[in-house]
Amino acid sequence: ELRTEMIDRFGLLPSAAQNLFAVHALRQQAERLGIVHIDAHPEGGRLDFSPQTSIAPQKLIALIQKQARTYKLDGPMRLRFFHARLESAERLRFIEHLLQALS
């Protein structure tokens, strides 16, 4: 609703504002899955899970087995991911696809 109101008042949003809304949507999705922290940088990043995560271990294992060069477990509560150098918008899409795969 806020996004729609801002567009109504100010017109098309600049990319920084669009990214802010995208990051917030990802945070909400991550919270529902039991992910307490997302760290993403141009070469990769990590997801930190809460002990009460709703992600099925089978989904996580299947993801790692299918893409072993991209995903690795770093202890029982952390998933690391690696990728080619990505710009911020590409990173947001990468995280979005990752969260969808874990849903």
Side-chain angles (χ1 to χ4, degrees):
E1 291 177 15
L2 178 62
R3 182 182 193 161
T4 303
E5 185 175 332
M6 288 181 71
I7 291 171
D8 285 345
R9 285 189 182 191
F10 306 111
L12 294 178
L13 299 176
S15 62
Q18 291 175 9
N19 285 344
L20 180 64
F21 281 108
V23 167
H24 182 69
L26 290 176
R27 282 184 181 159
Q28 288 179 321
Q29 185 178 2
E31 185 177 307
R32 286 190 298 271
L33 292 171
I35 296 170
V36 295
H37 184 78
I38 299 173
D39 178 31
H41 50 81
E43 292 84 24
R46 73 174 199 263
L47 301 180
D48 292 337
F49 304 105
S50 77
Q52 295 81 25
T53 186
S54 64
I55 298 170
Q58 299 86 347
K59 283 189 178 186
L60 196 54
I61 291 168
L63 181 70
I64 294 167
Q65 287 176 338
K66 288 179 185 174
Q67 300 178 51
R69 290 186 175 187
T70 303
Y71 301 106
K72 296 194 184 315
L73 281 177
D74 185 11
M77 306 303 285
R78 179 174 290 158
L79 176 70
R80 290 204 177 271
F81 52 89
F82 308 92
H83 48 68
R85 199 159 181 73
L86 297 178
E87 297 298 322
S88 62
E90 295 169 314
R91 274 182 290 195
L92 289 174
R93 282 192 298 276
F94 180 89
I95 297 293
E96 181 181 3
H97 291 286
L98 174 56
L99 294 180
Q100 287 173 358
L102 295 173
S103 295

Handout entry: Leu79 side chain near Asp74 side chain, heavy-atom distance below 4.5 Å
Key = no
Fill in the blank from the handout: In terms of heavy-atom contacts, Arg78 and Asp48 come closest through NE-OD1, 2.7 Å
Exercise for the section: With rounding to the nearest 0.5 Å, note down the distance linking CG in Asn19 to CZ in Arg91. Expected result: 9.5 Å
Exercise for the section: Kindly give the heavy-atom pair with the smallest separation between Leu63 and Ala101, and that separation in Å. Expected result: CD1-CB, 4.5 Å
Problem - Contact check, side chains of Leu47 and Leu102, non-hydrogen atoms, under 4.5 Å - result: yes
Exercise for the section: Give, for atom CG of Leu60 and atom CD of Gln65, the distance between the pair rounded to the nearest 0.5 Å. Expected result: 10.5 Å
Practice task
Check the surroundings of atom CD in Glu43: do more than 12 heavy atoms from other residues, nucleotides or ligands lie under 6.0 Å from it?
Solution key: yes
Problem - Heavy atoms of other groups near His24 NE2, more than 12 under 6.0 Å - result: no
Handout entry: Backbone N/O of Leu33 and side chain of Thr53: donor-acceptor pair under 3.5 Å
Key = yes
Problem - Flag side-chain contact, heavy atom, 4.5 Å: Pro42 against Leu86 - result: no
Problem - Whether over 12 other heavy atoms sit under 6.0 Å from Glu87 CD - result: no
Problem - Check: Ser54 side chain, Gly34 main-chain N or O, donor-acceptor pair, under 3.5 Å - result: no
Practice task
Report yes if some heavy atom in the side chain of Phe82 is under 4.5 Å from a heavy atom in the side chain of Thr70; otherwise report no.
Solution key: no
Completion exercise
Minimal heavy-atom distance between Leu13 and Met6, with the atoms involved, is CD2-CB, 4.0 Å
Problem - ILVMFWY network linking Val36 to Phe49, side-chain heavy atoms under 4.5 angstrom - result: no
Exercise for the section: Identify the two heavy atoms, one from His41 and one from His83, that lie closest to each other, and give their separation to 0.1 Å. Expected result: O-CE1, 3.6 Å
Practice task
Taking the side chain as every heavy atom from C-beta outward, state whether Arg27 and Glu31 have any pair of such atoms under 4.5 Å apart.
Solution key: no
Practice task
Determine whether Ser103 and Gln29 make a side-chain contact, defined as any pair of heavy atoms from C-beta on separated by less than 4.5 Å.
Solution key: yes
Problem - Single-linkage hydrophobic cluster, 4.5 Å side-chain cutoff, Ile7 and Phe10 together - result: yes
Handout entry: Parallel, tilted or perpendicular: rings of Phe81 and Phe94 (30°, 60°)
Key = tilted
Exercise for the section: Could you point out which residue of Ile95, Leu92, Ile38 forms a side chain to side chain contact (heavy atoms under 4.5 Å, CB included) with Val23? Expected result: Leu92
Practice task
Following the transitive rule for hydrophobic clusters with a side-chain heavy-atom cut-off under 4.5 Å over Ile, Leu, Val, Met, Phe, Trp and Tyr, establish whether Leu99 and Met77 coincide in one cluster.
Solution key: yes
Handout entry: Value rounded to 0.5 Å, distance of CG in Asp39 from CZ in Arg80
Key = 8.0 Å
